[in-house]
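The chains referred to below are lettered A, B, ... by the order of the sequence lines, with proteins before strands, and numbering in each begins at 1. Model, not experiment: these values are computed from the prediction.
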4 protein chains.
Amino acid sequence: MEYNTKQLQIIEVAERLFASKGFAGTSVRDIAQEADINVAMISYYFGSKEKLIEALFSVRMVQTRTQIEMILQNEELTPLQKVNIWIDMVIDRLMSNQCFHKIMMREQLSTERTPIISGQIMELKIRNMELMKKLITEGQEKGAFRHDVDLTLMVTTLYGTINHAMATQDYLKIIQGKEGVEDSQYQLYLRSALSTHLKSIFKSSVSNEIAHVNQ
Amino acid sequence: MEYNTKQLQIIEVAERLFASKGFAGTSVRDIAQEADINVAMISYYFGSKEKLIEALFSVRMVQTRTQIEMILQNEELTPLQKVNIWIDMVIDRLMSNQCFHKIMMREQLSTERTPIISGQIMELKIRNMELMKKLITEGQEKGAFRHDVDLTLMVTTLYGTINHAMATQDYLKIIQGKEGVEDSQYQLYLRSALSTHLKSIFKSSVSNEIAHVNQ
Amino acid sequence: MEYNTKQLQIIEVAERLFASKGFAGTSVRDIAQEADINVAMISYYFGSKEKLIEALFSVRMVQTRTQIEMILQNEELTPLQKVNIWIDMVIDRLMSNQCFHKIMMREQLSTERTPIISGQIMELKIRNMELMKKLITEGQEKGAFRHDVDLTLMVTTLYGTINHAMATQDYLKIIQGKEGVEDSQYQLYLRSALSTHLKSIFKSSVSNEIAHVNQ
Amino acid sequence: MEYNTKQLQIIEVAERLFASKGFAGTSVRDIAQEADINVAMISYYFGSKEKLIEALFSVRMVQTRTQIEMILQNEELTPLQKVNIWIDMVIDRLMSNQCFHKIMMREQLSTERTPIISGQIMELKIRNMELMKKLITEGQEKGAFRHDVDLTLMVTTLYGTINHAMATQDYLKIIQGKEGVEDSQYQLYLRSALSTHLKSIFKSSVSNEIAHVNQ
DNA sequence: TATGAATGAGTATTCATTCAT
DNA sequence: TATGAATGAATACTCATTCAT
């Protein structure tokens, strides 16, 4: 499905509002006003509010699909290097599309999600899980990774940590005593901190390398 | 603030509905019908729908406060034992009050949260952080824990992992091939799996013990 | 189903408006304004506009059911007398509830009618037909009525004539040169004219009496 | 007023939809979609939805006007023969243009009809009435017809019976136990049944012939 | 001549809340 | 204390029509 400039603009505004107020909490009037268009345009372009969020998902999901697979086929990287690259890519993907991923967090919480969206999320999750599985088993075969790792929960930790950091960043900022720091500046800090943190966790939990004797 | 039986019953129903449909997605009529009371009762007892969710937070927050502190003052436990107990307590607290914590996850995502709720969440987070800080620094002083741990992100990982597991448990169930398993049964499994997983992460990331040489 | 005074008042107004502007052509706002109530009351009392017209039908249909059967069981009347009484009763019923019967005419024209309404109309028609059948066959057995009468079309003529007269009474008035006559006055005239006309048709078409030799 | 092929095609579609869903119940989008044209075309070609139905009336009315007069000037026919021809022509005209006549029935019920349409209907009715009057008085002068006939109501019976049969043909079909019969087949049957029925009524009610002594 | 885009007024319905009792 | 009735504002959506091209 292709969307024109106007439609993409509406989707963008909707994404921002759905992220901060929720789907039910955002009225089409809100969107129309923010996007500076007539309310009727939303029905005109998308059919309904429901179809709008489906359009939003279809656009963002497509963007997500292709990225990762390619890069990790590089044969010259060690398993741990691949995992680290992967972690950085996930952080980048989630942090660069915070609005969308907030919406997705919410949708995952809801029992009201439509089969269409629910299906897309499921598909994405399975894709992620398979990629991860390939990555880890490859490492295990090469003797670099441990065999007693709960893969599913490792992925849960990765996504959970980033999501939770994103969701609570206002709190984190205060707790970390960085209230003065500008938002964009803080985002950069958070990305790098998450990167270090998650790589460290993965290294010590997954890899066979002795991380820190006598330290 | 004290609430009578009727009020507590309403709060309970509201919690369940807010959790599954969101605050904006739940109408006071839904609540009234589910709780088998008159619609007017909600305004009558709480003043407004907004005040109802505030009441819900104040009730659940109070329940949360006291628990942990006591137990961890036990001098006979090693730092790692205390961390493990703490992990189990958090898992238990979150998993036993899934509805409430789903609501809290949503509220943290929202920019619409009232100062009252926002304040309560902040207070809770700071309390958790302080407890954690005490726990870890105590371990560091005893030479049991590493000094290069990002405390804030460690807590984020703990809560993020549990929350994400809770939010996506329907997916997890399918991905793990446990579609047939009964819900209550799966909950038990998830708790124990999370416990093992998180303890392992904490042990390998935080403690100085060499977790797995030559494995 | 019982309806309270307010509901009956709304139904009455709705009936008048549906009759003159059609169902789709009448907005709930029109009804609310005419009935001097809040728009929301219609949804409140009936659930929807659709349910309102169903309520209207259920009320009017009930009123229609019982009337006729009784009277025609009188054993002292000749078949022709019974037919004449029946004709007068149908005229009276239709002319006294012109609004409702206009709505019914429209509904019969429409392919959009709901199964509920459609079913009620069908039921009524079958009842009428059976009554008529009993009346005529009784007359035939007594040798008073001809045997070569198309019963269904005889009923069609009865209802069709009255309905058409009702629907076109504004034209009839002009054509008959009675533009000056007051509406209520004209109604009385029309009833009596229809009565004479239809009785004459039935007598000459159905009965074996020689109506007018050497005239 | 002349209409081009495209316009006539739109009118035809509109006629079908107005007949089955009513004027208010049919949207210009419905028509545009069914006619496979752009919505704007309707405003473009006719100015408005209102003007479209006026165009429809003007087209169909013109078709109606000329037919009958000529034929009945034939001097060789008896008055009763002429009446019978006339009955068949009316049946044919109404049954062949059921969609249009359903719309007309509705319009006659409505108080919302525009002066244009209302005027056209009135004109047609007066024309019919005059024709009928000529027919009957001619018969009376020749001693073939009774003098005590209510002409207006006789016409009302003719049109009312056919209209009512048309409007309720779905019911008639069931009542007559012809549910299996194909629609086109049933139409043929109905026409011939109506013809026999109405001719019989007219003969026995209007003519001086003794229809059925000793039967 | 024809049309996709756009609009503002309109649709029915639901909302949280208030009021009289 | 409790509630059925009522309300006005808001909801998503559809309408006939217009406009720029």
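Between D/Ile42 atom CD1 and F/dT17 atom C1' there is a gap of 11 Å when expressed in whole angstrom units. Taking atom CG on A/Asn38 and atom P on F/dC15, their separation rounds to 16 Å, with Å as the unit. What separates CD of A/Glu54 from P of F/dA12 is a distance of 16 Å, to the nearest Å. One interatomic measurement links the two molecules: CD of A/Glu50 to P of F/dA12, which rounds to 12 Å at whole-angstrom precision. As rounded to whole Å, 10 Å separates atom P of F/dT3 from atom CD1 of B/Ile10. In this structure, NZ of B/Lys6 is placed 13 Å from P of F/dT1, rounded to the nearest angstrom. We find that NZ of C/Lys49 is positioned 9 Å from P of E/dT11, with the value rounded to whole Å. Note: CD (A/Gln7) to P (E/dG4) measures 15 Å, nearest angstrom.
With ring centers used as reference points, D/Phe100 lies under 6.0 Å from D/Phe57.
Taking for each of A/Ser48 and C/Met41 the nucleotide of DNA chain F with the nearest heavy atom, the 5'-most of the two is the partner of C/Met41. Heavy-atom nearest nucleotides on DNA chain E were determined for D/Ile37 and for B/Gly47, and the one closer to the 5' end corresponds to D/Ile37.
Put simply, D/Tyr44 has a side-chain N or O that comes within less than 4.0 Å of OP1 or OP2 on E/dT1. For F/dA2, one of the phosphate oxygens OP1 or OP2 lies less than 4.0 angstrom from a side-chain nitrogen or oxygen of B/Tyr45.
The base-pairing partner of E/dA20, taking Watson-Crick or G-U wobble contacts with both distances under 3.5 Å, is F/dT3.
Counting any heavy atom pair closer than 4.0 Å across all strands shown, C/Phe46 reaches no nucleic acid atom.
At distances below 3.5 Å, not a single donor-acceptor pair connects side-chain atoms of B/Thr168 with backbone N or O atoms of B/Tyr171. A donor-acceptor contact shorter than 3.5 Å links the side chain of A/Arg106 to the backbone of A/Ala19. A donor-acceptor pair under 3.5 Å is absent between the side-chain atoms of B/Ser110 and the main chain of B/Glu107, judged by distance alone.
For the pair B/Lys49 and B/Phe23, the distance from NZ or CZ to the six-membered ring centre is under 6.0 Å and the angle to the ring normal is within 45 degrees.
Across D/Glu12, D/Glu15, D/Glu54, a single residue satisfies salt bridge (charged side-chain N to carboxylate O under 4.0 Å, His left out) together with D/Arg60, and that is D/Glu15.
Listed in residue order, the members of residues 24-36 of chain C having a heavy atom less than 4.0 Å from DNA chain E are C/Thr26, C/Ser27, C/Val28, C/Arg29.
The CG atom of B/Leu124 lies 11.0 Å from the CE atom of B/Met122; values are rounded to the nearest 0.5 Å.
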